[in-house]
Number of protein chains: 2
Amino acid sequence: MLDQANKTSRPRLRKAERRERILLELKLYPHVRIAELAERFGVSTETIRRDFDALSKKGLLSRAHGGATVASHQQYPDFDARNQARVEERERIGRRAAALVQPGDSVMVDSGSTTLQMARFLAYEGTQCTVLTNSLPIAMAVGQSAGAQVILCPGDFLPSEAAVVGPDAIEFIDRHHFDRCFIGASGLTPEGVSETVRGFAAIKRAMLRRADRAHLVIDGAKLGTTGMAHVGALDSFASVVTDRRPDPAMQAALNKASVEVLVAA
Amino acid sequence: MLDQANKTSRPRLRKAERRERILLELKLYPHVRIAELAERFGVSTETIRRDFDALSKKGLLSRAHGGATVASHQQYPDFDARNQARVEERERIGRRAAALVQPGDSVMVDSGSTTLQMARFLAYEGTQCTVLTNSLPIAMAVGQSAGAQVILCPGDFLPSEAAVVGPDAIEFIDRHHFDRCFIGASGLTPEGVSETVRGFAAIKRAMLRRADRAHLVIDGAKLGTTGMAHVGALDSFASVVTDRRPDPAMQAALNKASVEVLVAA
DNA sequence: AAGCTTTGTGGTTAATCGCACATCTATGTA
DNA sequence: TACATAGATGTGCGATTAACCACAAAGCTT
């Protein structure tokens, strides 16, 4: 039942075309089943399985038992795999950071996987607060909470991070004033805080400007590393939440800058 | 992992709490696995399975082999169930509407399930365009496309619709000018277009003001119904994309207002 | 026609599902 | 306090389904 009824069905496209359709299907529904697709395309399940393998190797989908799901907020597959092991650490950091928010606070939350964990705990605990963020997953996570009001920044959408950046976002942040901000980062050294993703550093700096108290949330694995863009000096922050005690040099620098160190147990 | 470290772990809450967490997890990741959740919560897989059964009976998630997936794009379960049968119609409308976008166009896309379908086709076809939207799922869908640049509106986040509303959004839209806008609606009658969700009508009106050509995308089942808020008169629109030919009275009104009717086959 | 790629088939292993029944826990009642 | 009860959870089992591997068949390219 090779349906080359129309002239456009050059066989060489068959595989590619089918995979395109799988991706389309995945855009329409979050989850597709192997058996279902096999039947729809009139091929064997083994073929679909091979398609899944190929597509998942490219990071275009993530496999599950019996089917496949859209690639989780499309980060690079390597990035995702590399950091999956640290989810638990991030959860601990996020929980500790969420505990800093007092009922009635207004807080800005930067985009990032660690701050997302924090947002989840904020929603889970139902802390009553107003949250301004430039991250779509964070907005959706905190939005679940009945106690929270969420304000989203405008700007240019960055698909790889599911966040917005750019001048519109900066200007929007600058029009506000909040009690606290929670900032993630790619690196922390005695010289300060740095970021790798293009466009994010400016957002973080804007949040630092417009919040009374700044908290850095950072995976312990990033202590001692540096990203390409400078975010701010240590003394911009009131505290840093991490999962690992900083080494003596780092600790000394933090002490000198009067930064409180909170190690999530 | 959140266990009952704190005193609030009354066992009677355990079940409800766990299910809340499952739903929260599902908001963050499109697919969760039974085994994974069982381990995380420290319960047996059978318990998670029963949770899935209960939640899926309520329409809050859809089951899959080995796990569960978000119920298609967080609407009220009833609403969702009622309209699930019309997904195919929406797909057709969305595809037809997406075809109206010319390469290089700048388009505003209103939030809504039909416009979301349109956004998915836009992404699938890779049409090169700039998209401004107030809907988070639409931003994420169109963001998939390499050809598209996505601009997100600021504003107050509305969790039930995963979109932003409010004065910030309106003002932001008013600062732009786009080639086209695609508007969804709750109702269409000879008197005009109307909307039910509070706050959305003002967004739609702003988009209508700031776009050269307006297209209404609307499920045929909504022809002849009225929402509580007025969006605009028929002559605000250049065309309406639907899946059912309007009745004679409606058709006459559309003709009189010079609205092109596109019925998606 | 040769060679490569893609796809299908068969059989085995592993995982999940769904059910029945036992256990545990919180709560209500005497 | 002791007991009874209902709801929630865990365990064991057979049936179902998917994953995986290797090889054969079919299709396209040259």
Side-chain angles (χ1 to χ4, degrees), chain A residues 1-23 25-26 29-71 77 81 84, chain B residues 1-26 29-71:
Chain A
M1 50 205 33
L2 321 178
D3 52 333
Q4 48 245 115
N6 47 16
K7 59 242 165 185
T8 59
S9 72
R10 276 179 293 170
R12 225 178 124 246
L13 288 188
R14 272 242 296 278
K15 186 180 64 155
E17 189 180 348
R18 191 182 55 237
R19 294 186 177 174
E20 286 290 327
R21 279 173 181 275
I22 290 175
L23 290 178
E25 200 73 15
L26 224 37
Y29 308 98
H31 182 85
V32 294
R33 297 183 194 220
I34 286 194
E36 190 182 321
L37 289 176
E39 186 183 4
R40 169 181 307 218
F41 297 136
V43 297
S44 78
T45 62
E46 194 65 17
T47 300
I48 304 291
R49 201 181 307 284
R50 282 188 271 249
D51 290 341
F52 280 11
D53 280 340
L55 292 171
S56 106
K57 206 165 286 175
K58 287 195 206 163
L60 298 173
L61 57 78
S62 66
R63 302 205 48 179
H65 204 98
T69 318
V70 289
Q84 234 163 13
Chain B
M1 20 170 90
L2 304 179
D3 33 27
Q4 49 278 51
N6 45 21
K7 62 242 165 188
T8 59
S9 72
R10 277 177 294 171
R12 232 179 118 244
L13 289 188
R14 275 242 293 276
K15 185 180 65 153
E17 191 179 341
R18 192 183 53 238
R19 294 186 177 174
E20 287 290 326
R21 288 274 302 166
I22 290 174
L23 290 179
L24 187 55
E25 197 75 14
L26 226 36
Y29 308 99
H31 182 86
V32 294
R33 297 181 194 219
I34 286 193
E36 191 182 320
L37 289 176
E39 185 183 6
R40 169 182 305 224
F41 296 136
V43 298
S44 77
T45 62
E46 194 64 17
T47 300
I48 302 292
R49 200 183 308 284
R50 282 188 272 249
D51 289 342
F52 280 9
D53 280 340
L55 292 172
S56 107
K57 206 165 284 173
K58 287 194 205 163
L60 298 173
L61 57 77
S62 65
R63 300 207 49 179
H65 206 100
T69 321
V70 288

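Since this is a predicted model, take the numbers as computed values, not measurements. By convention in this document, chain letters (A, B, ...) are assigned in the order of the sequence lines, proteins followed by strands, and residues within each chain are numbered from 1.
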Query raised in the report: What do the steps show when you test B:Ile48 against B:Arg18 for side-chain contact (heavy atoms from CB on, under 4.5 Å), and what is the final call?
Result: CA-CA 9 Å; B:Ile48 302 292; B:Arg18 192 183 53 238; 4.3 Å; yes
Query - First encountered from the 5' end of DNA chain D, between B:Asp51 and A:Arg33 - result: B:Asp51
Query - Distance in angstrom units between B:Leu37 CG and D:dT9 P, rounded - result: 14 Å
Query raised in the report: With a non-hydrogen cut-off below 4.0 angstrom, is A:Ala64 in contact with a base, only sugar-phosphate, or nothing?
Result: sugar-phosphate
Query - A:Phe52 CZ to D:dC20 P, straight-line distance once rounded to whole Å - result: 12 Å
Query raised in the report: Taking CG from A:Asp53 and C1' from C:dT6, how many angstroms apart are they, rounded to a whole number?
Result: 14 Å
Report task. Kindly compute the distance separating CG (B:Leu61) from CG (B:Asp53), expressed to the nearest 0.5 Å. Result -> 9.5 Å
Query raised in the report: Atom CD1 of B:Ile48 to atom C1' of D:dA8: distance rounded to whole Å?
Result: 13 Å
Query raised in the report: Which of these, B:Arg50, B:Arg63, B:Arg19, sits in a side chain to side chain contact (heavy atoms under 4.5 Å, CB included) with B:Leu55?
Result: B:Arg19
Requested in this report: Would you indicate which nucleotide in C:dT9, C:dC17, D:dA18 comes nearest to any side-chain atom of B:Arg63?
Outcome: C:dC17
Requested in this report: Give a yes/no answer on whether the side chain of B:Arg18 brings an N or O atom under 4.0 Å of OP1 or OP2 in D:dT9.
Outcome: yes
Query - Distance in angstrom units between B:Phe41 CZ and D:dA8 C1', rounded - result: 16 Å
Query raised in the report: Nearest 0.5 Å, what's the CD-CG distance between A:Glu46 and A:Asp51?
Result: 10.5 Å
Requested in this report: Check the pair B:Phe52 / B:Thr47 against side-chain contact (heavy atoms from CB on, under 4.5 Å), numbers first and verdict last.
Outcome: CA-CA 9 Å; B:Phe52 280 9; B:Thr47 300; over 6 Å; no
**Report entry** Nearest-angstrom distance from the residue atom CD of A:Glu39 to P of D:dA18
**Finding:** 12 Å
Report task. Note down the inter-axis angle between the two ends of the helix from C:dA1-D:dT30 to C:dA30-D:dT1, five pairs each, to the nearest 10°. Result -> 30°
Query - Short side-chain N/O contact to D:dG10 OP1/OP2 from B:Thr47, under 4.0 Å - result: yes
Report task. With rounding to the nearest 0.5 Å, note down the distance linking CD1 in A:Ile34 to CD in A:Glu39. Result -> 14.0 Å
**Report entry** Closest contact, heavy atoms only, B:His65 versus A:Arg33
**Finding:** N-NH1, 4.1 Å
Protein and nucleotides 19-23 of chain C: nitrogen or oxygen contacts under 3.5 angstrom:
unit_1, atom_1, unit_2, atom_2, d
C:dC19, N4, B:Glu46, OE1, 3.4
C:dC19, N4, B:Glu46, OE2, 3.1

Report summary line: Taken to the nearest 0.5 Å, the spacing of A:Ser62 OG from A:His31 NE2 works out to 9.5 Å
Query raised in the report: If you take all heavy atoms of A:Ala64 and A:Thr69, which pair is closest and at what distance?
Result: CB-OG1, 4.2 Å
